[in-house]
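In what follows, a structure is listed as structure tokens, so that the remarks can point back to it.
First listed ligand is number 1; within each ligand, the first listed atom is number 1.
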Amino acid sequence: MRILVTGGAGFIGSHYVRTLLAGGYPGYEDTRVTVLDKLTYAGHLSNLPTDHPRLDFVRGDICDLPLLLDLLPGHDAVVHFAAESHVDRSIEAAADFVRTNVGGTQSVLEACLRTGIERVVHVSTDEVYGSIAEGSWTETWPLEPNTPYAASKAGSDLVARSYVRTHGLDLSITRCSNNYGPYQHPEKLIPLFITNLLAGETVPLYGDGGNIREWLHVDDHCRAIHTVLTLGRAGEIYNIGGGNEQTNRQITDRLLELCGADASMIRWVADRKGHDLRYSIDESKIREELGYTPHISFEEGLRSTVAWYRDNPGWWKSIKHEQAAA
Ligand code: NAD
């Protein structure tokens, strides 16, 4: 088995690759992996075991169709993570999001089709559904994205659907809630707050801190993606949640405790434009149809994540340094 992973040097893609190469998915211990990644500001080779004998790394752009056509033959499956992923950046510079998330996804799927790839998973997000005041989204909920990031992911989901319906590509879509865990870029809420607190700096909390998100440990997300890759049906969408809703203020308070700080370290900042109030996923389909359940409780996951950042200052300090210099 040989799998091509796009965006495999980023947060979630690299977790998937490290787990796959470490034999974390039974029956796939011999899988060979090719990572295709542009190494934008969000991708780092330090996230990957680059000298692993079953890993090939290719630096390249998913919008580059000739490169994909050259690279894909010999692979059995593609797991497509590559994307511009930070909502705040999409508010400032939406064009990169449309280019990579919509155009790049189309190139990946076109290349999969032309080279006869047998199975594809397109990794998407719950943000495509917009915001929900009460109840939870099922997979049939209308797409009502509110930010350029979410809109570009919704666009990519529709392109993916069209490649199934028009061309019969064997592809499934996953839509997951917010992830956290090791190796997440320190621009995202949980690692930003942890690394600021570990460095003795304040944490910027949007609005009144009342926005609600559902959080899932990256290891559970990756196991769900692998489950969909191996057991999911073509043309189907699978929500991945975890049932763990928290306000940003609740997360902040827990992180302050875990880092030995108090509420005086909160810096209140003006709310994000178009800030969705609440996300909530109904994940009964993946549980009932594919037998997936999350394993890591939020408390255990958050504790181990704080410990990872505490134990790996070299990793996040160099990224923060790069970011400050950019
Ligand atoms: P990330 O920003 O950490 O990583 C993205 C990776 O894609 C980086 O390595 C980057 O270099 C690469 N990349 C970007 N543009 C590229 C291009 N044009 N060609 C090739 N590579 C390119 O993102 P992440 O948090 O790991 O998210 C991965 C996927 O999961 C995304 O599709 C995202 O929409 C989705 N997702 C993320 C979350 C979350 O909470 N982080 C939740 C649900 C779904």
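For a threshold of 3.5 Å applied to N or O pairs, the pair formed by N178 and ligand 1 contains no separation below that value. Between S177 and ligand 1, a contact under 3.5 Å exists for no N or O pair. Polar contact with ligand 1: present for Y149 (N/O pair, distance under 3.5 Å). Looking at ligand 1, you won't find any N or O of T125 less than 3.5 Å from one of its N or O atoms. Inclusion of H44 in the set of residues having an N or O under 3.5 Å from an N or O of ligand 1 is not warranted. For ligand 1, the polar-atom distance check against D37 finds a nitrogen or oxygen pair separated by under 3.5 Å. Considering backbone and side-chain atoms together, F11 places an N or O closer than 3.5 Å to an N or O of ligand 1.
Atom CG of L198 and atom OH of Y309 lie 10.5 Å apart (nearest 0.5 Å). The OG atom of S318 sits 11.0 Å away from the CD atom of Q323 when rounded to the nearest 0.5 Å.
A salt bridge does not link D96 to R99: none of the charged nitrogens lies less than 4.0 Å from a carboxylate oxygen.
The single protein non-hydrogen atom nearest to atom 41 (N) of ligand 1 is I12 CD1, 3.6 Å, given as residue, atom name and distance.
Ring pair F11/H185: centre-to-centre distance not below 6.0 Å.
Taking the centre and axis of the six-membered ring of Y180, the NZ or CZ atom of K188 falls outside the cone set by 45° and 6.0 Å.
Counting heavy atoms under 4.0 Å from ligand 1, residue R175 does not touch it at all. At a heavy-atom distance under 4.0 Å, only side-chain atoms of T100, from C-beta outward, approach ligand 1.
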* **Derivation and outcome, side chain to side chain donor-acceptor pair (under 3.5 Å), residues Y41 and R89** => CA-CA 12 Å; Y41 78 95; R89 287 179 187 255; 3.2 Å; yes

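When the options C176, G60, G8, S156 are ranked by their closest heavy atom to atom 43 (C) of ligand 1, first place goes to C176.
Test E134, R213, E245 against S280 for side chain to side chain donor-acceptor pair (under 3.5 Å) and you get one pass: E245.
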